Amino acid sequence: MEWTPEARELADLELLLSGAFEPLTGFLGHDDLHAVHERGTLADGTPWPVPVTLHLPEEAAPGGEVTLLDPEGVPLAVLTVTERGHDGLAAGPVRGLGAAEHGPFARLRRTPAEVRDLLGDRPALAVTMRGPLDDLALTEVTATAKELDAVVVLMPLSYGEPGPAVVRAALKAKDRLPEDTLVVSVPLAPREEAELDLELREHVATAYGAAEHLAGPEPVSIPGPPHRRGLVVFFTGLSGSGKSTIARGLRDGLLELGSRTVTYLDGDVVRALLSKGLTFSKADRDLNIRRIGFVAAEAARHGGLAICAPIAPYAATRAEVREMVESVGADFLLVHVATPLEECERRDRKGLYAKARAGLIPEFTGVSDPYEEPDDADLVLDTTHISIEAAVSQVLGALRSGGWVR
Ligand SMILES: Nc1ncnc2c1ncn2[C@@H]1O[C@H](COP(=O)(O)OS(=O)(=O)O)[C@@H](OP(=O)(O)O)[C@H]1O
Ligand SMILES: Nc1ncnc2c1ncn2[C@@H]1O[C@H](COP(=O)(O)OP(=O)(O)O)[C@@H](O)[C@H]1O
């Protein structure tokens, strides 16, 4: 079978294949994970600080082989499954099929063997970075390299959203370091516990042949002011609750102010194009919402403001979109248009409730399909007794008081 692991698993896979995680040759099984957790070693006593795991679907049974694909569908490796637990965690050795090309800065990746070759007999001073090197760090690196007569190997840990900025910081730092300084991009995902993260960085540096390892300063992340940050305003509610009407009013209000670019993803419009052909089954509704979330997050990644107005009946899927948006450094505002079913049905603007009651539309939200009320809404609006203008101005007010518009 074929399987595309998650971003973090793919990053670990790349390090397993390149030899950066030596002595590991595959994803860890139960005994190794237990030993890592208890003692910071593998089951055989070899020091190893953190779990390196992979989730696989049930079809991946022990004894079978799974071809692991990158997000574009390119085969990266074959995993021989030795274990698969009830939690979905699978273990087994991996065999590489080709160099990984996904993710930015592929040209700056080097395997440990390639770096050791480049170094020849000279010792290396590895500097792992998750943020820029300040003057103090640069002075320390220069002095240590001189003392050891070592080649500086800058290793931007290029995983995830901050990855490209860290690589740029490394290329900039290289200009202020000895000429033979190398920059090697390593997609090492951060581990939650700082101590274990540092230990893992030491392991990777050693695999790259480092005689000495320095960890660069932790990045200071100062989020930009809210009026420059990306924002997704996500309306959810029953059909006829007023989502599109308020969303359109909000879009026009923002365009009138003129201070932000607006991407408008109305539920019906999305279904005519981006999600054309999808049904109203749970799986298709979820896919529809994920697609909307993906596009909205892309707009917000570049500091844009996206307005979405689908029913989005499932809490878990809405939470996924929130996560998608926040993971690109943007903000997410959930507006629950909580007009009760009776009022939506009384309006029945498109005549759909009547049809649903007559059994002509199956799986109709609120009638024959669920709507999970949000308990994490940032704003709740019942439009039964308020004007459209009042509803729009409440949302604009929330955007103003959050600082997203001025
Ligand atoms: N079975 C069923 N259930 C709910 N809605 C239905 C259904 N069939 C068609 N429609 C029309 O589709 C619009 C909802 O589409 P969404 O993409 O917003 O729905 S979802 O978020 O994927 O659940 C919704 O539009 P709005 O009234 O704008 O919400 C309906 O007009
Ligand atoms: N305060 C209000 N806010 C939004 N819509 C309202 C309000 N009062 C009445 N309505 C009416 O309710 C209907 C809502 O329809 P629509 O915006 O298409 O809902 P949805 O997109 O949630 O299906 C419209 O006919 C609109 O004129």
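Both counts, for ligands and for their atoms, begin at 1 and track the order of listing. Basis for what follows: all heavy atoms, side chains included, without hydrogens, waters or symmetry-related copies. Worth saying up front: this structure is predicted, and the values here are computed from it rather than measured.
Residue-ligand proximity, Pro310 to ligand 1, at heavy-atom distances under 4.0 Å covers atoms 18 (O), 21 (O). Every atom of ligand 1 is numbered from 1 in the order shown, and the set under 4.0 Å from a heavy atom of Gly240 is 27 (O). Ligand-side atoms of ligand 2 in range of Ile386: 1 (N), 2 (C), 8 (N), range being under 4.0 angstrom from any heavy atom. Which parts of ligand 2 touch Thr383 is read off a 4.0 Å heavy-atom cut-off, strictly below it: atoms 1 (N), 2 (C), 3 (N), 7 (C), 8 (N). Remark: ligand 1 atoms within the under-4.0 Å shell around heavy atoms of Lys243 are 29 (O). Against a heavy-atom cut-off of under 4.0 Å, Leu238 is close to the following atoms of ligand 2: 22 (O).
For ligand 1, the polar-atom distance check against Phe280 finds no nitrogen or oxygen pair separated by under 3.5 Å. Between Ile289 and ligand 1, no pair of N/O atoms sits closer than 3.5 Å.
Taking atom 26 (P) of ligand 1 as the reference point, the nearest protein heavy-atom neighbour is Lys350 NZ, 3.5 Å. Protein heavy atom closest to atom 27 (O) of ligand 1, with residue, atom name and distance, is Ser239 OG, 2.6 Å. Closest to atom 14 (C) of ligand 1 among all protein heavy atoms lies Ile311 CD1, 3.6 Å. Of the protein's non-hydrogen atoms, Ala312 N, 2.8 Å is the one closest to atom 21 (O) of ligand 1. If you check which protein heavy atom lies closest to atom 1 (N) of ligand 1, you get Glu363 O, 2.7 Å. Counting only heavy atoms of the protein, atom 19 (O) of ligand 2 lies nearest to Gly242 N, 3.1 Å. Scanning the protein for heavy atoms near atom 3 (N) of ligand 1, the closest one is Arg285 NH2, 3.1 Å. Nearest non-hydrogen protein atom to atom 30 (C) of ligand 1 is Leu352 CD1, 3.5 Å.
From Leu399, atom CG reaches atom CG of Leu379 across 9.5 Å, with rounding to the nearest 0.5 Å.
Contact annotation for Lys243 and ligand 2: heavy atoms of both the backbone and the side chain come within less than 4.0 Å of the ligand.
For Ser239, the closest heavy-atom approach to ligand 2 falls below 4.0 Å.
A ring-centre distance under 6.0 Å is not found for Trp404 and His227.
The shortest heavy-atom contact between Pro370 and Pro313 is O-CB, 3.4 Å.
Of the N and O atoms on the side chains of Thr383 and Arg347, at least one donor lies less than 3.5 Å from an acceptor on the other residue.
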